[in-house]
Amino acid sequence: MITLDGVSAAYGTVPAVDGVTIAVGEGEAVGLLGANGAGKSTTLRAISGLVRLTAGKITFDGADIAALPPYRVAELGIAHVPEGRQVFPELTVQENLEIGAYVPRAKAERSRTLATVYAIFPILAERRRQRAGTMSGGEQQMLAVGRGLMLKPRLLMLDEPSLGLAPVMCDVTFAKIQEIHRMGTAILLVEQNVSRALALVQRAYVLESGKVIMHGTSAELANNKQVQAAYLGI
């Protein structure tokens, strides 16, 4: 469905990713793994159009999208749930969710999609009139994911969904992401918690210093001695 071919990007003169080649198939769950500063978040930002490429190509359904502005990328059905949640704290839960359905295709089905999001995240339905800034970190993470779903995405990109969450909330969050994937949405997951990520995705790429250093199925990477030593503490 989406392919990055030799993608490079930089912030000013500082290179962030260098020759990254990855792919996500329709309905697939794929991980981007690695330490802080490896280029994982920049890869998502490049797909979203938030960072311009210095080399390479990004295709979605066979069409080149590398030069599109972010709103056009979103209109194609690519939702980006950023690191740190970035909810609107003064708006209610429902207002935050409704903002997610801003493209015409999603806006036309907003009520139906909202009902689906509330079914996946009942706590959001209970708190729909509550200001988002008064919610716990775990609840805000659910809200951020729910807002991404309001776009009715074909590809949902999640950047560090476990960041700052207590272990029990990590369990809940990853269970919800798995439920979303089972419903047919393709997932591209950036995650430092490698063991959790490998339990959720089918395949993964490992980034280091802006380059893909290995890729494979979850089982292959979980059994790889280099991955075990660097990320799994084995």
Side-chain angles (χ1 to χ4, degrees), residues 1-28 30-32 37-91 95-110 113-114 117 132 140-141 143-161 163 180 185-190 205 207 210-212:
M1 180 172 60
I2 189 166
T3 302
L4 280 67
D5 185 9
V7 164
S8 298
Y11 296 103
T13 59
V14 181
V17 294
D18 182 10
V20 167
T21 296
I22 67 171
V24 182
E26 190 85 42
E28 194 178 21
V30 174
L32 287 181
K40 307 184 303 297
S41 295
T42 300
T43 300
L44 298 193
R45 289 172 61 83
I47 294 171
S48 290
L50 297 169
V51 175
R52 288 295 160 211
L53 307 191
T54 55
K57 186 176 182 180
I58 302 175
T59 57
F60 186 72
D61 279 345
D64 188 349
I65 66 169
L68 295 182
Y71 77 91
R72 286 286 294 117
V73 175
E75 286 176 350
L76 294 174
I78 300 175
H80 186 170
V81 179
E83 180 180 351
R85 300 152 202 148
Q86 297 185 27
V87 300
F88 296 96
E90 297 304 317
L91 300 183
E95 287 168 339
N96 268 272
L97 291 173
E98 289 174 343
I99 284 173
Y102 59 91
V103 303
R105 177 179 55 85
K107 187 177 289 186
E109 299 188 47
R110 186 171 64 184
T113 309
L114 187 63
V117 170
Q140 288 187 23
Q141 185 62 63
L143 177 56
V145 175
R147 184 177 60 191
L149 288 178
M150 291 296 295
L151 189 70
K152 293 187 66 64
R154 292 177 57 204
L155 175 64
L156 180 64
M157 304 193 302
L158 301 162
D159 195 349
E160 301 287 3
L163 185 67
I180 292 163
T185 304
I187 303 288
L188 182 56
L189 173 69
V190 162
Y205 299 83
L207 273 67
K211 298 176 183 287
V212 175

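A distance of 11.0 Å separates OG1 in T59 from CE in M1, rounded to the nearest 0.5 Å. Interatomic distance, CG of L158 versus CD1 of I180, reported as 7.0 Å (0.5 Å rounding). The line from CD of E109 to CE of M150 is 10.5 Å long, rounded to the nearest 0.5 Å. To the nearest 0.5 Å, the span separating CG on L188 from CG on L32 amounts to 4.5 Å. From L156, atom CG reaches atom NE2 of H80 across 10.0 Å, with rounding to the nearest 0.5 Å. The CG atom of L76 sits 11.0 Å away from the CG atom of L155 when rounded to the nearest 0.5 Å.
Among residue pairs with one or both ends in residues 65-78, those qualifying as salt bridge (Lys or Arg N to Asp or Glu O under 4.0 Å) are R72-E75; sequence neighbours excluded. For residues 55-64, the set of pairs meeting the salt bridge (Lys or Arg N to Asp or Glu O under 4.0 Å) definition, not counting sequence neighbours, comprises D61-R154. Screening residues 77-91 for salt bridge (Lys or Arg N to Asp or Glu O under 4.0 Å), with sequence neighbours left out, gives E90-R131.
Put simply, the residue from V73, T3, L4, D5 that forms a side-chain contact (heavy atoms from CB on, under 4.5 Å) with I58 is L4.
Across all their heavy atoms, A10 and T54 have their closest contact at N-CG2, 4.3 Å. When all heavy atoms of A9 and V51 are compared, the closest pair comes out as CB-CG1, 3.7 Å. Across every non-hydrogen atom of V87 and A132, the tightest pair is CG2-CB, 4.0 Å. Across every non-hydrogen atom of P161 and V190, the tightest pair is CD-O, 3.5 Å. When all heavy atoms of G27 and A186 are compared, the closest pair comes out as N-CB, 3.6 Å. Of all the heavy atoms in R52 and L68, the pair that sits closest is NH2-O, 3.1 Å.
Under the 4.5 Å side-chain criterion, counting only non-hydrogen atoms from C-beta, V81 is in contact with Q141.
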N/O donor-acceptor pairs under 3.5 Å from side chains in residues 13-21, not counting sequence neighbours:
residue: D18; atom: OD2; partner: K211; partner atom: NZ; Å: 2.5
residue: T21; atom: OG1; partner: G6; partner atom: N; Å: 2.9

Table please: side-chain donor-acceptor pairs of residues 39-47 below 3.5 Å, with sequence neighbours left out.
residue: K40; atom: NZ; partner: G34; partner atom: O; Å: 3.1
residue: K40; atom: NZ; partner: A35; partner atom: O; Å: 2.9
residue: S41; atom: OG; partner: D159; partner atom: OD1; Å: 3.1
residue: S41; atom: OG; partner: D159; partner atom: OD2; Å: 2.8
residue: T42; atom: OG1; partner: Y11; partner atom: OH; Å: 3.0
residue: T43; atom: OG1; partner: G39; partner atom: O; Å: 2.8
residue: R45; atom: NE; partner: Y11; partner atom: OH; Å: 3.4

List the atom pairs, with distances to 0.1 Å, where a side-chain N or O of residues 96-103 and a protein N or O form a donor-acceptor pair under 3.5 Å, not counting sequence neighbours.
residue: N96; atom: OD1; partner: F88; partner atom: N; Å: 2.8
residue: N96; atom: ND2; partner: F88; partner atom: O; Å: 3.1
residue: N96; atom: ND2; partner: L91; partner atom: O; Å: 3.4
residue: N96; atom: ND2; partner: T92; partner atom: O; Å: 3.0
residue: E98; atom: OE2; partner: Q94; partner atom: NE2; Å: 3.3

Next item on the list: Go through the steps to decide whether M157 and I78 satisfy the test side chain to side chain contact (heavy atoms under 4.5 Å, CB included), and finish with yes or no.
Entry: CA-CA 7 Å; M157 304 193 302; I78 300 175; 3.9 Å; yes
